[in-house]
Engineer: 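Before we start, here is the structure in question, set down as structure tokens.
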Amino acid sequence: MSNRITTLFKIQYPVIQAGMIWCSGWRLASAVSNAGGLGILGAGSMYPEVLRTHIRKCKKATSKPFGVNVPLLYPNVEEIMNIIVEEGVKIVFSSAGNPASWTGFLKEKGITVVHVIANTKFALKAEACGVDAIVAEGFEAGGHNGREETTTLCLIPMVKDQVKIPVIAAGGIGSGRAMLAALALGAEGVQIGSAFAVAEESSAHPDFKNRIIGAAEGDTKLRMKKLVPVRLLKNTFDETIAQAEAEGADAETLKQLLGRARAKLGMFEGNLEEGELEIGQVSAMLKGIKPAATILNEILQEFSTEKQRISSLEF
């Protein structure tokens, strides 16, 4: 498989593992890269020196390209960017902020920059800032989400028609069929989160992984729209937020209910009732905990099978 995305990242397959907080450490990133995709370290849940350690361990575990996801609104972003440069990371996926703030700095250091967006307006802004590609993430995605609630099926062709740089599709993609659909819509690669969150190498708590694969259709909802929209699995904390929102809670009230380290409590420490459990709608389709390489290979095999089936149809 060869296109602008595989060429840009020097990878075998146009499959990117999302830089998910509390899931995307060096074990997962290196496993995906070794399997032919692009592994991403999730800096959003790492202190700067912890990120440095993960970068170094990832380098030892793989000779293939890997990147770092940096939420731009997080504290210590300057220190994180300096560590990325110091450690020789060549690919950065930025999110949750204005790409104009760091794209120029990174490009001057010879780093490939990709920015995550959820609408056409910000896709055009990211392109104007000089990023090399964008991730267009639909409403189905887990974690922080767009306020517009635009689905991947609608978002990808709208963005593709407006920008010249490569588009990577994200949101609801956890199978070969979904990957084929995304490429048919105009994407040149896919970013996959939830399916890799349950990989054996994921740093998510085992109880959280089991909760994901036990999820049913409709078990995730988009919450905290007045603060920062985030897709969560149903639990006691989610019910608390839902009730507060139904009663008209403002952003400050939601912030107080969220508190500190709520995602760590649920996703990393395994408190499945009081923790914040960020995951996408595709969780209802995930049925097992497997090595990352197996997950990637199964997606690629299904992609190939479905591609052949579609090409055999007569019109």
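Just so it is clear, the values below take in all heavy atoms, side chains as well, and ignore hydrogens, waters and symmetry mates.
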Engineer: Quick one: does any side-chain atom of E127 pair with a main-chain N or O of K164 as donor and acceptor, under 3.5 Å?
Structural biologist: yes
Engineer: At their closest point, which heavy atom of G193 faces which heavy atom of A18, and how far apart are they?
Structural biologist: CA-CB, 3.7 Å
Engineer: Is there a donor-acceptor pair under 3.5 Å between the side chain of N119 and the backbone N or O of F122?
Structural biologist: yes
Engineer: Hey, is CE on M285 packed in by over 12 heavy atoms from elsewhere, all under 6.0 Å?
Structural biologist: no
Engineer: Should we say atom CD of E217 is surrounded by more than 12 heavy atoms from elsewhere, each under 6.0 Å from it?
Structural biologist: no
Engineer: If you look at every heavy atom in L254 and A244, which pair is closest and at what distance?
Structural biologist: CD2-CB, 4.5 Å
Engineer: Please say whether more than 12 non-hydrogen atoms of neighbouring residues, nucleotides or ligands are located less than 6.0 Å from NZ in K221.
Structural biologist: no
Engineer: Which atoms form the tightest heavy-atom contact between L286 and I212, and what is the distance?
Structural biologist: CD1-CG2, 4.1 Å
Engineer: At their closest point, which heavy atom of C23 faces which heavy atom of L28, and how far apart are they?
Structural biologist: O-CD2, 3.6 Å
Engineer: Closest heavy-atom contact between S33 and T62?
Structural biologist: CB-OG1, 4.0 Å
Engineer: Take atom CD of E78 as the centre, draw a 6.0 Å sphere, and report whether it contains more than 12 heavy atoms from other residues, nucleotides or ligands.
Structural biologist: no
Engineer: Please round to the nearest 0.5 Å and tell me the distance separating atom NZ of K264 and atom CG of N271.
Structural biologist: 13.0 Å
Engineer: If you define the side chain from C-beta out and look only at heavy atoms, does anything of L72 sit under 4.5 Å from N98?
Structural biologist: no
Engineer: Check whether S101 reaches the backbone of G97 with its side chain - one donor and one acceptor, N or O, closer than 3.5 Å.
Structural biologist: no
Engineer: Strictly distance-based, threshold 3.5 Å: is any side-chain N or O of T236 a donor or acceptor partner for the main-chain N or O of E274?
Structural biologist: no
Engineer: Does R27 come within less than 4.0 Å of E200, counting only side-chain N to carboxylate O?
Structural biologist: no
Engineer: Mind checking the CG-CG spacing from L265 to L272? Nearest 0.5 Å is all I need.
Structural biologist: 9.5 Å
Engineer: Could you pull out the closest heavy-atom pair between I156 and A182, with the gap in Å?
Structural biologist: CG2-O, 4.2 Å
Engineer: Start with the C-alpha gap between V89 and I55, add the side-chain angles, then the distance that decides, and say whether side-chain contact (heavy atoms from CB on, under 4.5 Å) holds.
Structural biologist: CA-CA 8 Å; V89 174; I55 291 171; 3.7 Å; yes
Engineer: Run the side-chain contact (heavy atoms from CB on, under 4.5 Å) check on I40 and I16 step by step: do they pass?
Structural biologist: CA-CA 7 Å; I40 302 288; I16 292 89; 3.8 Å; yes
Engineer: Any side-chain to backbone donor/acceptor pair from E245 onto M224? Under 3.5 Å, distance only.
Structural biologist: yes
Engineer: Got a second to check how far E140's CD is from S283's OG, nearest 0.5 Å?
Structural biologist: 12.0 Å
Engineer: Between atom CD1 of I173 and atom CD1 of I299, what is the distance when rounded to the nearest 0.5 Å?
Structural biologist: 9.5 Å
Engineer: Should side-chain heavy atoms under 4.5 Å link Ile, Leu, Val, Met, Phe, Trp and Tyr, which residues sit in the same cluster as L73?
Structural biologist: none
Engineer: Between the side chain of K209 and the main-chain N/O of S202, is any donor-acceptor distance below 3.5 Å?
Structural biologist: yes
Engineer: Using 0.5 Å steps for rounding, measure from the CD1 atom of I134 to the CD1 atom of I168.
Structural biologist: 9.0 Å
Engineer: Working note: T294 + N297, criterion side chain to side chain donor-acceptor pair (under 3.5 Å); need CA distance, chi angles, decisive distance, verdict.
Structural biologist: CA-CA 5 Å; T294 300; N297 288 335; 5.8 Å; no
Engineer: For M267, is there any backbone N or O sitting under 3.5 Å from a side-chain donor or acceptor partner on H205?
Structural biologist: no
Engineer: Between K287 (side chain only) and I213 (backbone N and O only), is there a donor and an acceptor less than 3.5 Å apart?
Structural biologist: no
Engineer: Using atom types as modelled and distance alone, determine if a side-chain donor or acceptor of T103 lies under 3.5 Å from a backbone N or O of P99.
Structural biologist: yes
Engineer: Are Y74 and Y47, when compared by the centres of their aromatic rings, separated by less than 6.0 Å?
Structural biologist: no
Engineer: Between T220 and Q281, do the side chains contain a donor N or O and an acceptor N or O under 3.5 Å apart?
Structural biologist: no
Engineer: Is a donor on one side and an acceptor on the other found under 3.5 Å between the side chain of S24 and the backbone of G42?
Structural biologist: no
Engineer: Could you tell me the separation between the NZ atom of K225 and the CD1 atom of I241, rounded to the nearest 0.5 Å?
Structural biologist: 13.5 Å
Engineer: Please lay out, stage by stage, how V85 and F105 fare under the test side-chain contact (heavy atoms from CB on, under 4.5 Å).
Structural biologist: CA-CA 10 Å; V85 173; F105 170 84; 3.8 Å; yes
Engineer: Applying salt bridge (charged side-chain N to carboxylate O under 4.0 Å, His left out) to E306 and R177, what does each step give before you reach the verdict?
Structural biologist: CA-CA 6 Å; E306 291 301 309; R177 287 176 291 174; 5.5 Å; no
Engineer: Go through the side-chain N and O atoms of T112 and D132 and say whether any donor and acceptor fall under 3.5 Å apart.
Structural biologist: no
Engineer: Go through the steps for N235 and E273 under the test side chain to side chain donor-acceptor pair (under 3.5 Å), then give the verdict.
Structural biologist: CA-CA 5 Å; N235 66 355; E273 289 305 321; 5.5 Å; no
Engineer: Going through the distances and angles, do E276 and L258 end up as a side-chain contact (heavy atoms from CB on, under 4.5 Å)?
Structural biologist: CA-CA 8 Å; E276 187 180 24; L258 178 62; 3.8 Å; yes
Engineer: Is the shortest side-chain N to carboxylate O distance from R223 to D238 below 4.0 Å?
Structural biologist: yes
Engineer: Do the side chains of R52 and E87 get close enough for a salt bridge, i.e. N-O under 4.0 angstrom?
Structural biologist: yes
Engineer: Looking at F139, I'd like to know if the NZ or CZ of R231 sits under 6.0 Å from its six-membered ring centre while staying within 45 degrees of the ring's axis.
Structural biologist: yes
Engineer: Tell me, do V230 and L222 make a side-chain contact under 4.5 Å, heavy atoms counted?
Structural biologist: no
